[in-house]
Amino acid sequence: MFTSILIANRGEIAVRIIRAARELGIRTIAVYSEADRLAPHVLAADEAYLIGPAPSAESYLRGDRIVDVALRAGADAIHPGYGFLAERAPFIRQVRDAGLVFVGPSAEAVEAMGDKTAARRRMIAAGVPVVPGTSDPLADAAEARQAAEEIGYPVLLKAAAGGGGKGMRIVQSSAEIESAFGSAGREAKSAFGDDAVYVEKYLAGPRHLEIQILADRAGTTVHLGERECSIQRRHQKLVEEAPSAVLTADERFAMGATAVAAGRAVQYEGAGTVEFLYQHGAFYFLEMNTRIQVEHPVTELVTGIDLVQWQIRIAAGEALNFAQTDVSFRGHAIECRITSEDPANSFLPSAGRIEWLEIPSGAGVRWDGGIARGYEIGLHYDPMLAKVIVHAPSRELAIDRMRRALTELRVVGVETSAPFHLRVMEEADFRAGKLDILYLDRHGDELTDFEPSDEELRVVALATVLLEEERRARRSITRIDHGDALGSGWSGRGGWTGR
Amino acid sequence: MRYYVTVAGRTVEVEISGDAIVVDGTPIEAALLTVPGTDLRHLMIGTESHPLLVRTGGRNGTWHVTLNGRTLLVEAIDERSRTIREMSGAPTTDAEKVVVAPMPGLIVRVEVEVGAAVTMGQGLIVVEAMKMENELKAPADGIVKKIEVAAGSAVEKGAVLVVLE
């Protein structure tokens, strides 16, 4: 096993990896930008190194500096987390050329799956079902139009280098294709440095299901069941759960076997996720994510398997000590991604200082967070602040538990997505398991209308009047005391009853 | 003392005199305490328990109150101040239809022209921040009176982008 590991990331996932490594008895080394000197991942680590200014291109994306730090700090391995350098093959080579271990798959596997069109061809060859579409990037809007007409509208334009919904556009008709091609390319260019876009058939209302796989160096590959991630906004997942409310055991077995085959086709090593679109019992390969995913905890909770620890153990050369038949599923888990986005205002990013934070806890609740009170939320990084994850014996109980956990969460200083998540937990179709990737298009308005109820109105009005009375009372006492400190019996922060 | 409290465009009347509190005509008992050493307030209405977080707003009488995960901007003015405001002709509520930048970012596209009639919810401007394009929508029906930015300009948080009338 390693003695020390460098975590090339920030936020909640850096904290998560530090926790996993510490439990394995490994010394943890954090890196940070100038904006993150006091960030939770720096405070949590055994050692921390400054790697550059706030913009990620000058810090968390500087693979050269990160490898230098790893060598200087005497790290054995580098864990990339997700995002940033996690799926950049040149970085993986840089790490390995420096004599360090990259916690993740080979550069070749990342390349094979990272180029979405090449991945499609490879999956077709491996017998994995795929959605109809082009296998090559489109040269221009005219070619996009031609391909779209062959496949039939609606189509989906997707960044070849992409993921996470950036550089992706649904196109309903030929009238929209030119502007969609332009904006998808621009967004892809700014997010990934590559404007290549391809097109595929857009399915009417599929579910997004994905299979977690785990593979050791000897090639033993198992799957750990599915996660349902159909609730998405602009292809960004907002709520994830395991198991799916609809998948039968036979379907799970078939999808699992397909995901294992997909992994084997690229000699995959470590933790990976094979994403599928699922509609009417049929499933199509979407892409493979060659890294740990944001939503990994729901799988951990229902299988009892620590994915991040297994990533590290596999990278250190350990073999899986269990077989497919040993994997069983217990209960139901749900995750809500709490972001600094305002659901009442089209999910616009919200920046500011976390002035107050109360974290949900109690039975069956897990908080994977990267924020703390006093921490400044800027606009340099992803808006995800933390994840609330719950585990309960059934889906219904898990929903009720999430609802309870979300009412315990209190954040002041930035707007968060939490009120939206609370609405989802109460929405009838979600509770009935009626989900597909258009869920938010259907329910977005009701889930983001935060008109205060009469009850809330009354509470807020009353509180405000009592605050005003308190302020006036304090001011008049200050006046009597000739502007001295507040009078005795009146403390600025002390209790005061509105009589 | 009678207060008019405005939240999200609705107004509640609260009358407070000595121990008596009357909300929209209904007498109630209430107490507001501070949890020592914290920003957490606790409002007890009769026996109903309501934890709240509060911060003072930009001007007198305004407060940011966080309840059920949402932060609401609330304004409480007393009867006398309200009368003065009405006589001076100042608007009693924020009637301006101004679209401001909710965060620093880059203007990608302006989707309307001066003089155009827009309906509530219609897209006006696309701003890029955190590597995502965000469409800012009209807060109400109106006519575009002024556009203060063009595609390609960088804007600070709070910058006025579009004025509707």
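What you are looking at is a predicted structure, and each value in this text was computed from that prediction instead of being measured. All chains are named by letter (A, B, ...) in the order of the sequence lines, taking the proteins before the strands, and each is independently numbered beginning at 1.
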Determine the minimum heavy-atom distance between B:Glu135 and A:Arg234, stating which atoms define it.
N-NH2, 4.1 Å
If you count heavy-atom pairs under 4.5 Å between each of A:Ala418, A:Ser183, A:Pro349 and chain B, which one has the most?
A:Pro349
Is chain B contacted by the side chain of A:Glu415, its backbone, both, or neither, given a heavy-atom distance below 4.5 Å?
side chain
What is the minimum heavy-atom distance between B:Ala76 and A:Glu468, and which atoms define it?
CB-CG, 4.0 Å
Against chain A, work out which of B:Leu53, B:Val7, B:Val74 has the most heavy-atom pairs shorter than 4.5 Å and name it.
B:Leu53
Do the side chains of A:Glu451 and B:Arg70 get close enough for a salt bridge, i.e. N-O under 4.0 angstrom?
no
Can you say whether A:Glu341 sits under 4.5 Å from chain B via the side chain, the backbone, both, or neither, judging by heavy atoms?
neither
To check you understand the geometry: which heavy-atom pair defines the closest contact between A:Arg471 and B:Gly61, and what is its length?
NH2-N, 4.1 Å
Identify which of A:Pro452, A:Ser350, A:Ser346, A:Pro343 forms the greatest number of heavy-atom pairs closer than 4.5 Å to chain B.
A:Pro452
Taken to the nearest 0.5 Å, the spacing of A:Glu358 CD from B:Leu40 CG works out to 5.5 Å
For A:Val459 against B:Leu43, the heavy-atom pair lying closest together
O-CD2, 3.5 Å
Where do A:Ala463 and B:Leu52 come nearest, in terms of heavy atoms and distance?
CB-CD1, 3.4 Å
Assess whether side-chain contact (heavy atoms from CB on, under 4.5 Å) is satisfied between A:Trp356 and B:Arg55, documenting all intermediate values.
CA-CA 11 Å; A:Trp356 183 260; B:Arg55 285 181 294 161; over 6 Å; no
For the side chain to side chain contact (heavy atoms under 4.5 Å, CB included) test, which of B:Val12, B:Val14, B:Val23 pairs with A:Val465?
B:Val14
What's the spacing between B:Ile28 CD1 and A:Leu462 CG if we round to 0.5 Å?
4.0 Å
Of B:Leu72, B:Val54, B:Thr66, the residue whose pairing with A:Val460 passes side chain to side chain contact (heavy atoms under 4.5 Å, CB included)
B:Leu72
Just wondering, more than 12 heavy atoms not from B:Glu79 lying within 6.0 Å of its CD?
yes
Quick check on the interface: out of B:Val126, B:Leu136, B:Thr62, B:Asn60, who has the most heavy-atom pairs with chain A under 4.5 Å?
B:Asn60
Exercise: identify the closest heavy-atom pair between B:Gly69 and A:Pro419:
O-CG, 3.3 Å
Which atoms of B:Met44 approach chain A - backbone, side chain, both or neither, heavy atom under 4.5 Å
neither
Answer with side chain, backbone, both or neither: which region of A:Asp445 has an atom nearer than 4.5 Å to a non-hydrogen atom of chain B?
neither
Does some side-chain heavy atom of A:Glu455 sit less than 4.5 Å from a side-chain heavy atom of B:His50?
yes
Rounded distance [0.5 Å steps], CG in B:Asn68 versus OG in A:Ser453
7.5 Å
Report yes if some heavy atom in the side chain of B:Arg41 is under 4.5 Å from a heavy atom in the side chain of A:Glu470; otherwise report no.
yes
A:Ala351, part contacting chain B, at a heavy-atom distance under 4.5 Å:
backbone
